[in-house]
Protein chains: 2
Amino acid sequence: MLVCQESLFTEAPPATGGIIVPSKNSKEPRETLNRERVLRAAVSLADECGIDSVTMRELGRRLEVKAASLYNHIASRDDLLGGMVDLALSEIAVPTEGVFWKETMRRRAISAREVFARHRWAAGLIDSRDRTGPDSLAYVDRVLGVLIQAGFSPAAAANAFLVLDSYLYGFERQRPDVSIEDGFERSEAARKILAAIPHGGYQNAARVAMEYAEHPFDQEAAFEFGLGLILDGLERQLGADSTRR
Amino acid sequence: MLVCQESLFTEAPPATGGIIVPSKNSKEPRETLNRERVLRAAVSLADECGIDSVTMRELGRRLEVKAASLYNHIASRDDLLGGMVDLALSEIAVPTEGVFWKETMRRRAISAREVFARHRWAAGLIDSRDRTGPDSLAYVDRVLGVLIQAGFSPAAAANAFLVLDSYLYGFERQRPDVSIEDGFERSEAARKILAAIPHGGYQNAARVAMEYAEHPFDQEAAFEFGLGLILDGLERQLGADSTRR
DNA sequence: ACCTGAACACCGTTCAAGT
DNA sequence: ACCTGAACACCGTTCAAGT
């Protein structure tokens with residue numbers, strides 16, 4: 001299914017050709033396009049080939065339609081990206097209100113990380129873009145509900161939400177591309193790092209590098225460590241606020 | 001100095017014209033370009049007009065040079081963006097090793113936020129891009145040094161660094177564009193939000209919106225709240241590790 | 001209502017040619 | 001060593017024209 005090689009042809013394929021999109025039975029009259037089909041195609045294109053390859057023209061090619069036609073279903077490329085983010089965020093597991101808020105928030109964060117692993121382009125697209133899509137809004141409302149029900153004031157709940165998601169998105173964007181894998185390569189890497197230290201420069205960075213060469217960096221553990229830190233802090237704040245009241 | 005209006009001319013300005021770049025005395029023979037001058041011009045272009053207007057062609061226009069010439073000084077647009085990030089990060093205040101680590105980290109975070117306020121494009125560019133520029137590496141080394149000296153193990157220091165910066169960058173990217181300002185507009189906004197709630201939907205979001213309509217959201221306070229949470233957590237971890245040893 | 005063709009005003013990058 | 005002209009292979013978006 002992964003068809004990301006830069007197109008070998010610039011011209012449109014012959015209309016008869018089932019070669020390019022083999023999974024599509026071209027006999028049945030193609031059902032008409034709509035916003036959802038466009039968004040879903042964009043998401044899988046981004047998943048497979050990276051966000052940079054999500055161009056109007058490439059997306060049109062995938063949907064067997066000219067780029068200009070897409071504007072019947074989306075307002076602009078920005079609108080497209082916004083819709084894609086909305087779709088991705090909607091995959092984050094729904095917090096269930098019955099569970100203890102801390103556990104709910106932890107599960108939500110881990111679920112979000114799984115979503116961001118599946119859609120590696122998504123975290124980079126969440127920013128000034130308003131989170132006003134209906135799915136997103138419902139999601140935000142549910143998260144706030146869990147926190148308010150747990151005893152946070154509306155403002156404190158919003159604050160907690162913001163702090164948690166800042167960490168979540170920020171961690172995701174720093175997701176390191178660790179490439180060194182087997183033991184030999186690791187110690188070899190450490191040796192090189194030491195050799196490259198120019199006469200006592202970057203000593204601290206070198207110590208960390210050596211440490212990681214021996215005990216590889218556990219990204220998931222690092223994430224959950226920070227998550228726990230924040231959740232514990234929020235819990236303490238909640239306790240302080242409720243005794244004061 | 002702000003000259004961001006989309007260029008009114010496509011053709012190059014007349015060579016004699018001091019009209020377009022009035023601050024530049026065009027009589028003296030322009031000093032030759034170099035990497036630093038290109039990067040600095042790109043940074044101020046991004047500051048003034050946004051990152052999207054940093055194109056090779058526009059940058060060339062600013063430097064009174066054809067776009068192709070830029071490739072004598074930078075390898076590619078990606079190289080350019082990397083260099084810009086490096087330059088911005090180098091503006092973050094240097095942590096001084098003499099001070100208590102927690103205060104140092106707090107000041108660093110606040111300084112970083114000031115830098116990101118000045119260069120609003122910067123936070124969005126820090127991601128998979130390696131932080132391997134010489135300035136960045138020296139900076140990383142210094143931060144790690146403060147933490148290690150405070151008693152964190154190399155791995156714990158790296159973890160603390162990662163957690164802090166995840167929060168920092170993540171918060172920055174969510175920086176809300178609060179547009180409502182005066183009191184009347186705020187209560188008006190709250191009224192509208194309530195009116196828009198479709199028969200009991202999004203109740204929690206509505207409560208938060210109303211709360212903010214009365215007591216406007218203090219972004220700086222929210223940031224420092226989360227920052228304090230994380231720093232306190234790290235301090236507790238440091239204490240636990242050192243008593244255990 | 002939806003799609004196409006063709007155009008417009010852009011991009012990043014390469015490269016032979018100039019100085 | 002640095003810059004230019006010209007080209008290549010792209011972009012997003014608009015719009016009259018088709019069905």
Residues at least two apart in sequence or cross-chain that pass salt bridge (Lys or Arg N to Asp or Glu O under 4.0 Å) with E91(B), listed by chain then number, are R118(B)

Can a side-chain donor-acceptor contact be found between W121(B) and D47(B) if the only test is distance below 3.5 angstrom? yes

R35(A): which residues meet the salt bridge (Lys or Arg N to Asp or Glu O under 4.0 Å) condition with it, sequence neighbours left out? D79(A)

Whole-angstrom distance between dA9(D) and dA9(C), as gauged at atom P: 22 Å

Round to the nearest Å and state the distance from D52(A) atom CG to dC10(D) atom C1'. 13 Å

Go through DNA chain C and write down every stem, that is, every run of at least three consecutive Watson-Crick or G-U wobble pairs with distances under 3.5 Å, as range with range. C:4-8 with D:12-16, C:12-16 with D:4-8

Of all residues at least two apart in sequence or in a different chain, which pass the ring-ring contact (aromatic ring centres under 6.0 Å, His included) check with H73(B)? none

Residues forming a side chain to side chain contact (heavy atoms under 4.5 Å, CB included) with A112(A), sequence neighbours excluded: I92(A), F116(A), L168(A)

Taking side chain to side chain contact (heavy atoms under 4.5 Å, CB included) as the test, write out the residues that go with A68(B), two or more places apart. none

Are any of H73(A)'s side-chain N or O atoms less than 4.0 Å away from OP1 or OP2 of dA1(C)? no

Sticking with atom C1', work out how far dC3(D) lies from dC15(C), rounded to a whole angstrom. 13 Å

Give every pair of a protein N or O atom and an N or O atom of nucleotides 12-19 of chain C that lie under 3.5 Å apart, one pair per line with the distance.
{"unit_1": "dG12(C)", "atom_1": "OP1", "unit_2": "M56(B)", "atom_2": "N", "d": "3.3"}
{"unit_1": "dG12(C)", "atom_1": "OP1", "unit_2": "R77(B)", "atom_2": "NE", "d": "3.2"}
{"unit_1": "dG12(C)", "atom_1": "OP2", "unit_2": "M56(B)", "atom_2": "N", "d": "3.0"}
{"unit_1": "dG12(C)", "atom_1": "N7", "unit_2": "R57(B)", "atom_2": "NH1", "d": "2.4"}
{"unit_1": "dG12(C)", "atom_1": "O6", "unit_2": "R57(B)", "atom_2": "NH2", "d": "3.1"}
{"unit_1": "dT13(C)", "atom_1": "OP2", "unit_2": "Y71(B)", "atom_2": "OH", "d": "2.6"}
{"unit_1": "dT13(C)", "atom_1": "OP2", "unit_2": "R77(B)", "atom_2": "N", "d": "2.8"}
{"unit_1": "dT13(C)", "atom_1": "O5'", "unit_2": "Y71(B)", "atom_2": "OH", "d": "3.2"}

Salt bridge (Lys or Arg N to Asp or Glu O under 4.0 Å) with R108(A): which residues, sequence neighbours excluded? D165(A)

Could you state the NZ-C1' distance from K66(B) to dG5(D), rounded to the nearest angstrom? 9 Å

Is the phosphate of dT4(D) approached by S69(B) (side-chain N or O, under 4.0 Å from OP1 or OP2)? yes

Residues at least two apart in sequence or cross-chain that pass ring-ring contact (aromatic ring centres under 6.0 Å, His included) with Y167(A), listed by chain then number, are F171(A), F223(A)

